[in-house]
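Taking it in order: structure first as structure tokens, then the write-up.
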Protein chains: 2
Amino acid sequence: MNASAKPERTRLSAEDWEDAALKLIADQGVNALAVEALARQLGVTKGSFYWHFRTREALLQAALERWEQYGEREVISQIESMPDPRARLPELFRRVAHELAPHRVYAALLKALDHPQVVPVMARVSQRRMEFLTNIYREAGLEPVEALNRARLTYAAYVGFLQLNFTLGLPRISHEEFDAYVEHMIRTLTPN
Amino acid sequence: MNASAKPERTRLSAEDWEDAALKLIADQGVNALAVEALARQLGVTKGSFYWHFRTREALLQAALERWEQYGEREVISQIESMPDPRARLPELFRRVAHELAPHRVYAALLKALDHPQVVPVMARVSQRRMEFLTNIYREAGLEPVEALNRARLTYAAYVGFLQLNFTLGLPRISHEEFDAYVEHMIRTLTPN
DNA sequence: CCGATACCATACGCACGAGTATGGATTGCG
DNA sequence: CGCAATCCATACTCGTGCGTATGGTATCGG
């Protein structure tokens, strides 16, 4: 009940703490990131934590940087390797829509945009994704300005969707209904 | 410097506290809602607060309910009184885009969707707005399912925009650029 | 096998914010 | 005027969560 049923690691590393922190952030948000709570969850006490990190702030910083570097890469490169530019957008939409798990941290950080430490991280990540999206729209045939605005619109829709359906539980949309929504989104936001 | 330069009210009412709370929420988020901080800002002490409210939680509840009832109404009725259904959507978009101030509380509450007290309020408000939007799309000629999905998309774009440009300060978009974005959004999301 | 280093537990101190107790001041009303 | 009710100040208590001090246990190289 109270004991940790985890992989029974004998010793912990800084990376273990960072991963646990990211997991906790994804589950309960940045505010819930408390060192004693984390320690309990890992089956140790604060004494361990303060050996690996100088402060709680340092852990958050390390976890955020870890998340920023670890993320991306896979999806972006896979999409860019597709030969037909027109086929990239629908594929990207469907892929993102059906792999929501990796976006749970992003959704949680969205709710912590008042925190000084997360703002720069989110600004960088969002900026990179926006540029990626803008490029795809250009390659799909849109004029530069059109592509930028369409990317803004698309990314805003993505962010808003995370908020409305992830954290807020708007009238529990069904699976088929969700697929229909995604297809509608593709028709509406994709050129031609 | 430290004294309150406010309207110099001699006595305070519960409504004064609720308004101050909403102002503070809009400025610094729900987490920043502390009774001693509020008291300082109003030029009084906690002693006053605990006469009007039983607890901090009660204040938040009252403020949220006040916001929920006070909001809406104006925009909705004005839009619905427009004769030409096709003209309603562009008007709604432009209106919302240029009056962002009233949406600062909504943006702040969006970041507090982990808080049990705000979830039901936001669910109700968002639901009502979504239904309003869906109706407009239907009156503009969309099929029921199409109208619903388009409303979802539009509202998600609205929510995402608030997050990205209000709280996060993505590369400070200029005034002309913003207008262009709004027009692009109208072209993209409006039928025909 | 044994010391040094890495890792962790226990027991503190301390700041901060919510809530309470109690008395003082101000206002409305008879 | 004078007394009640209303509104507010001061001075506490108490829980919570960060950070520290210090000593204990495991692990590894020589």
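Keep in mind that what you see is a predicted model, and the values were worked out from it rather than measured. Residue numbers begin at 1 in each chain, while the letters A, B, ... track the order of the sequences.
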Atom [atom1] of [X] to atom [atom2] of [N]: distance rounded to whole Å?
X       : N      : atom1 : atom2 : value
B/Arg40 : C/dC16 : CZ    : C1'   : 11 Å
A/Leu38 : D/dG19 : CG    : P     : 13 Å
B/Asp16 : D/dT6  : CG    : P     : 17 Å
A/Tyr50 : C/dC12 : OH    : P     : 18 Å
B/Glu57 : C/dA18 : CD    : P     : 12 Å
A/Leu42 : C/dA9  : CG    : P     : 10 Å
A/Leu12 : C/dA6  : CG    : P     : 16 Å
A/Leu59 : D/dC18 : CG    : P     : 10 Å

| field | With B/Val30, the side-chain contact (heavy atoms from CB on, under 4.5 Å) member among B/Leu64, B/Asp114, B/Ile25, B/Leu113 | value |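 By the side-chain contact (heavy atoms from CB on, under 4.5 Å) criterion, B/Val30 pairs with just one of B/Leu64, B/Asp114, B/Ile25, B/Leu113: B/Ile25.
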
| Distance test, side-chain N/O of B/Ser48 to OP1/OP2 of D/dC7, below 4.0 Å |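 False: B/Ser48 side-chain N/O out of range (4.0 Å or more) of D/dC7 OP1/OP2.
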
| field | Short side-chain N/O contact to C/dA6 OP1/OP2 from A/His52, under 4.0 Å | value |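 Checking A/His52 against C/dA6: no side-chain N or O falls below 4.0 Å of OP1 or OP2.
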
Would you say [X] has more than 12 foreign heavy atoms packed within less than 6.0 Å of its [atom1]?
X        : atom1 : answer
B/Arg138 : CZ    : no
A/Glu15  : CD    : yes
B/Arg56  : CZ    : yes
B/Glu57  : CD    : no

Choose from [options] the nucleotide whose nearest atom is closest to any side-chain atom of [X].
X       : options               : answer
A/Trp51 : D/dG19, C/dG19, C/dA6 : C/dA6
A/Thr45 : C/dA9, C/dC12, D/dC7  : C/dA9
B/Val44 : D/dG17, C/dT10, D/dC8 : D/dC8
A/Lys46 : C/dT20, C/dC12, C/dC8 : C/dC12

| field | Pairing of B/Arg86 and B/Glu91 as salt bridge, 4.0 angstrom limit | value |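 The answer is no: the pair does not qualify as a salt bridge.
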
| field | Nearest-nucleotide 5' precedence on DNA chain D, B/Glu36 against B/Trp17 | value |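 On the 5' side of the pair lies B/Trp17.
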
| query | Taking A/Thr55 for the side chain and A/Ala58 for the main chain, is one N or O donor matched with an acceptor at less than 3.5 Å? | reply |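 No, because the side chain of A/Thr55 does not come within donor-acceptor range (under 3.5 Å) of the backbone of A/Ala58.
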
Pull out every protein N or O sitting under 3.5 Å from an N or O of nucleotides 26-29 of chain C, one pair per line with the distance.
residue, atom, partner, partner atom, Å
C/dT27, O4', B/Arg11, NH1, 3.2

